[in-house]
Amino acid sequence: MSDLDAFITGLPKAELHLHIEGSLEPEQMFQLAQRNRIQIPFASVEELRAAYSFSRLQDFLDIYYQGADVLRTEEDFHDLALAYFTRAHADGVVHAEIFFDPQTHTHRGLPFGVAANGLLSGMRAAEAKFGLSSKLILCFLRHLDEASAFATLDAAEPWLDRIAGVGLDSSEVGHPPSKFERVFAAAAAHGLKRVAHAGEEGPPEYVTEALDLLHIDRLDHGNRSLEDPNLVTRLARAGMTLTVCPLSNLKLCVVDDVARHPIPAMLAKGLRATINSDDPAYFGGYVADNYRAIAGLVSRDQLVTLARNSFLGSFLPDDVVTRHLEAVDAFAASH
Ligand code: ADE
Ligand code: ZN
C-alpha cells in the first residue's frame with residue numbers, strides 16, 4: 001500500500017451517502033438467490049458485472065431495482081448491512097448514515113419491517129463488532145407518487161424512533177422536489193431530518209426547490225449547483241453539506257473524466273463537500289476508492305478537510321462530532 005493509500009484508509013471518516021441496496025455485490029446476489037431459490041437472469045458473477053455499464057442514471061436504476069429482488073428476509077438485510085459495514089470498517093469509516101428504499105421492497109410484497117428490522121440488526125452488529133456507529137435514512141422513490149410516499153411514512157411509524165431522517169432518490173429529471181413538499185413537511189413534524197438527491201442529473205432549480213420546499217438538512221450530490229453562482233453562494237453561506245460521489249458521477253456520466261471532477265471547484269468555492277460511495281457494488285469502489293479517485297486533484301490538507309466535513313455534515317450530536325474531529329486532526333498530525 002502506498003503512503004497515500006495508507007493515509008486515505010487510515011483517516012477516520014463518516015460515510016453520508018450510501019444506498020444499502022447499492023452495496024449488494026454480485027457474489028452476494030448469487031448467494032441470496034440460491035438461498036431464497038430465486039432465478040436471476042444472469043449466468044455468472046462475471047456476466048452480471050459486465051452488465052454494469054451505464055450511460056445515465058436510469059440505466060443503473062433499472063438493474064439496481066432488479067438486483068434488490070433477491071432480498072427477501074430480515075436475515076438477508078442483516079447480512080447485506082453487515083457486508084457493507086465490514087468493507088466500510090476496512091476503509092476507515094467509523095460512522096455511516098445509510099439509505100434504504102422501502103418502496104422497492106414493499107412493492108414486492110415484503111412488509112416494511114423486513115427491511116427495517118434486518119438493517120437495524122446489521123447496524124447493531126456493526127457497532128458491537130467494529131465500534132462503527134450508524135444511522136438509518138428512509139428514502140422515498142421520487143418516480144412514484146405522493147400517496148405512495150405518504151403510505152411509506154405511515155408504514156414506518158412504529159420504527160420512527162430508530163430512523164434518523166427521510167431522503168429522496170431514484171429518477172430525478174421530471175420528478176422535482178416540489179412533488180414531495182407535503183410528505184417532507186409531515187416527516188419534519190415527526191422530528192425527522194431531511195435530505196434529498198438534487199442536481200445529480202436535474203437542474204440547479206431542483207436544488208433550490210429542495211432548500212425552499214423540502215427544507216433539507218443535507219444535499220445529496222448537488223453537482224449542478226455549480227451552474228448557478230448565486231446558489232453556490234447560498235449553499236456556502238448556509239454551511240450546507242454536499243454528499244459528493246466521484247465514482248458514481250463517473251459511472252453515470254455526470255462527469256466525463258474523473259480527472260475533471262468538480263470537487264476542487266466545490267472546495268474552492270467554500271462548499272462543505274464530502275466524499276461518498278453511493279452504490280459501491282455497481283460503481284467500482286467503496287469510500288476509500290472514492291477518496292483515491294480524486295486524491296490527485298486536491299492537497300493532503302483538503303483530504304483532511306473532506307474527512308472533517310463528513311463528521312460536520314453528519315447527524316451526530318455536537319460532542320460526538322467534536323470527538324471525531326479530534327481523532328481526524330490527531331491522525332493528520334501524526335502522518
Ligand atoms: N438510488 C440509488 N442510487 C441513486 C443515485 N445515485 N441517484 C438517484 N437514485 C439513486
Ligand atoms: Zn445516491
Side-chain angles (χ1 to χ4, degrees), residues 14-25 29 52-69 71 80-81 84 88 96-105 107 115 119 135-144 148-149 152 165-177 179-180 194-203 206-207 209-210 214 216-225 241-255 258 261-262 273-287 289-290 293 310 313:
E15 176 146 55
L16 305 179
H17 186 152
L18 178 281
H19 302 263
I20 198 66
E21 295 90 346
S23 72
L24 178 59
E25 291 286 345
M29 202 186 291
Y52 294 175
S53 168
F54 317 114
S55 56
R56 65 175 87 81
L57 174 60
Q58 194 61 48
D59 296 347
F60 153 70
L61 291 171
D62 292 342
I63 203 161
Y64 159 84
Y65 294 130
Q66 185 187 342
D69 186 42
L71 298 161
L80 175 69
Y84 160 69
E97 300 188 355
I98 66 171
F99 299 136
F100 79 122
D101 289 337
Q103 288 151 297
T104 299
H105 314 302
H107 278 232
L119 295 174
K135 291 182 184 289
L136 188 57
I137 297 174
L138 173 176
C139 281
F140 300 115
L141 296 180
R142 69 201 306 158
H143 68 274
L144 300 178
S148 177
T152 305
V166 296
L168 188 62
D169 65 1
S170 192
S171 321
E172 186 181 4
V173 175
H175 302 285
K179 190 173 157 185
F180 298 95
R194 284 140 291 158
V195 304
H197 285 54
E200 181 184 19
E201 283 189 345
Y206 282 22
V207 176
E209 277 195 12
L214 305 187
I216 52 168
D217 298 289
R218 200 156 71 201
L219 172 59
D220 296 317
H221 296 297
N223 298 49
R224 290 195 59 192
S225 309
T241 298
L242 274 67
T243 63
V244 181
C245 308
L247 290 175
S248 163
N249 292 162
L250 182 66
K251 279 286 201 171
L252 300 184
C253 305
V254 168
V255 299
V258 87
H261 193 277
T274 63
I275 297 294
N276 307 272
S277 67
D278 205 3
D279 301 282
Y282 292 88
F283 299 151
Y286 286 76
V287 74
D289 298 311
N290 278 273
S310 72

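Indexing begins at 1, ligand by ligand and atom by atom, following the structure's order.
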Any N or O of Tyr65 that comes nearer than 3.5 Å to an N or O of ligand 1?
-> no
Worksheet entry | Heteroatom proximity flag, Ser248 to ligand 1, N/O under 3.5 Å | no
Counting heavy atoms under 4.0 Å, the part of Glu200 that contacts ligand 1 is side chain
Quick look: Phe99 vs ligand 1, heavy-atom contacts under 4.0 Å, and the answer is neither
- Query: Is a side-chain donor-acceptor pair under 3.5 Å present for Gln58 with Asp62?
  - Reply: yes
Under 3.5 Å side-chain donor-acceptor pair for Thr104 and Tyr64: no
Original post:
Of all the heavy atoms in Leu61, does at least one lie under 4.0 Å from an atom in ligand 1?
Top reply: yes
- request: Look at the side chain of Gln103 and the backbone N and O of Leu144, then say whether any donor-acceptor pair between them is shorter than 3.5 Å.
  value: no
Counting from 1 in the order shown, the ligand 1 atoms closer than 4.0 Å to a non-hydrogen atom of Leu57 are 5 (C), 7 (N), 8 (C)
For Phe60, the atoms of ligand 1 under 4.0 Å from one of its heavy atoms are 2 (C), 3 (N)
Among non-hydrogen protein atoms, atom 6 (N) of ligand 1 lies closest to Asp278 OD2, 2.7 Å
The closest protein heavy-atom partner of atom 1 (N) of ligand 1 is His19 CE1, 3.5 Å
Listed as residue and atom, the protein N/O/S atoms under 2.8 Å from the Zn ion (ligand 2) are His17 NE2, His19 NE2, His197 NE2, Asp278 OD1
